[in-house]
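Note sheet for the following structure.
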Protein chains: 2
Amino acid sequence: MVQYLQKMIPNKELLQERLAAVIHRLREQGYRLTPQRMAIVQAVLESPDHPSAEEIYQLVSAVFPMISLATVYKTLEVLKDLGEVVELPVEGRTRYDGNLQPHIHLICERCHTVIDWSDGAISFPEEAITASGFRPHHYRLEVHGLCPRCVAETSAPAPTDRAP
Amino acid sequence: MVQYLQKMIPNKELLQERLAAVIHRLREQGYRLTPQRMAIVQAVLESPDHPSAEEIYQLVSAVFPMISLATVYKTLEVLKDLGEVVELPVEGRTRYDGNLQPHIHLICERCHTVIDWSDGAISFPEEAITASGFRPHHYRLEVHGLCPRCVAETSAPAPTDRAP
DNA sequence: CTGTGTGCAAATTATTTGCAACCCT
DNA sequence: AGGGTTGCAAATAATTTGCACACAG
């Protein structure tokens, strides 16, 4: 469990580096560095929870009471266009991932937590796919199931879980 | 192109078998076999396009003009609960996949076509994930990129709809 | 018969957009 | 100074829900 947290949350130095890189990237591309943007970028990068726009809005609101949800959406779109965050649709809502390293998403079907898993190799017939004429850009591997916490909480299964 | 279609579309016998299996499953679980449901199940299983609810609605409407979109959603939910179809979110819309075999989704970022790729092995550190306490149920591998058609057309005007 | 399923419409939820005022650069 | 950016509100878009009637079992 502690190992999860270590996997999920990069240390402070890495966060600072990444934050600086994104800020630099925004400036370099001619985007204005408003306080709102800085706060949103920071919230996305620092949150290990793959937050939704609404959740980012809540996080930023704590420091920036006047911010609007529309601004959050617009900034997330900018970050997405720059390739600095990736969208992750979970149960009908879009969540955001600022982790650019290839990794697996462990998605809990019960509590909808998303855990980043970065250890071990992933392989699939990429050459054959490329040979077919498809041009891969990036891939995403999601493992759906139950997180450890929910495994524990469902070990005594309720008898009333099926109803036609 | 034709090779894709062969990969994507199971032959008629397999479709019939699968259709019968799902029908049987519905009956067995106590669901009523209404003509609407039959038509929706058939549409999902026979469409190789990973259709959205709206598209399934259009397909079924051709034969069943009085059907409602709500009924389509409700039936899809039943099929999802039974595990007979899987949801596939693409660019903010939920699409449905009746192919239960493990396979890769090749998703075109330009025309949003989804191609099923069933050849070759997929591997990832499933044991380590399981050992961590996470209980995997199923996984999904998406390869995002450009489909052959869109690779060829990258200098042509973008289409407004998915490729046929 | 009995209650599940259907169809319609209204409600909900997520996201986008138009626009006037604002403020980085 | 000037155009990108913000915040508000209204507009879309997708999906869900409530309810009266229909029909499968």
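Predicted, not measured: the structure shown is a model, and the values here were computed from it. Within every chain, numbering begins at 1; the chains are lettered A, B, ... in the order of the sequence lines, protein sequences first and strands thereafter. These values consider heavy atoms only, across backbone and side chains, with no hydrogens, waters or symmetry-generated copies.
Here dC8(C) presents its C1' atom at 12 Å from CG of Leu69(B), a figure rounded to the nearest Å. Rounded to whole Å, the distance from CD on Gln29(A) to P on dC24(C) is 21 Å. Regarding Glu77(B), its CD atom lies at a distance of 15 Å from the C1' atom of dT4(C), rounded to whole Å. The separation between Lys74(A) atom NZ and dT17(C) atom P is 10 Å, rounded to whole Å. The distance between atom CE of Met66(B) and atom C1' of dC23(D), rounded to the nearest whole Å, is 15 Å. If you measure from atom CD of Glu55(A) to atom P of dT15(C), you get 11 Å, rounded to the nearest angstrom. Straight-line distance from the CZ atom of Phe64(B) to the C1' atom of dC23(D): 12 Å, rounded to whole Å. The nearest whole Å value for the distance from the CD1 atom in Ile67(B) to the C1' atom in dA22(D) is 15 Å.
Side chain of Tyr73(B), nearest nucleotide from dG25(D), dT15(D), dT6(C): dT15(D).
Residues meeting the side chain to side chain donor-acceptor pair (under 3.5 Å) test with Arg140(B), sequence neighbours left out: Glu142(A).
Between the side chains of Asp116(B) and His50(B), at least one donor-acceptor pair of N or O atoms lies under 3.5 Å.
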Residues His103(B), Asp97(B); criterion side chain to side chain donor-acceptor pair (under 3.5 Å); working and verdict: CA-CA 11 Å; His103(B) 59 280; Asp97(B) 187 358; 2.9 Å; yes
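A distance-only check finds no donor-acceptor pair linking the side chain of Arg32(B) to the backbone of Arg37(B) [under 3.5 Å]. Side-chain atoms of Arg25(B) come within 3.5 Å of backbone N or O of Leu82(B) as a donor-acceptor pair.
No engagement by Ser52(A) is indicated, since no non-hydrogen atom pair under 4.0 Å with the nucleic acid exists.
Using a 4.5 Å cut-off on side-chain heavy atoms (C-beta onward), Val114(A) and Leu106(A) make no contact.
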Interface polar pairs with nucleotides 3-5 of chain D, N/O, under 3.5 angstrom:
unit_1, atom_1, unit_2, atom_2, d
dG3(D), N2, Arg32(A), NH1, 2.2
dG3(D), N2, Arg32(A), NH2, 2.9
dG3(D), N3, Arg32(A), NH2, 3.0
dG4(D), N3, Arg32(A), NH1, 2.9
dT5(D), OP1, Arg32(A), N, 3.1
dT5(D), OP1, Arg37(A), NH1, 2.5
dT5(D), OP1, Arg37(A), NH2, 3.2

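No close placement of the His144(A) and His137(B) rings is indicated, their centers lying 6.0 Å or farther apart.
Where Leu33(B) and Ala53(B) each meet DNA chain D at their nearest nucleotide, the meeting point lying more 5' is that of Ala53(B).
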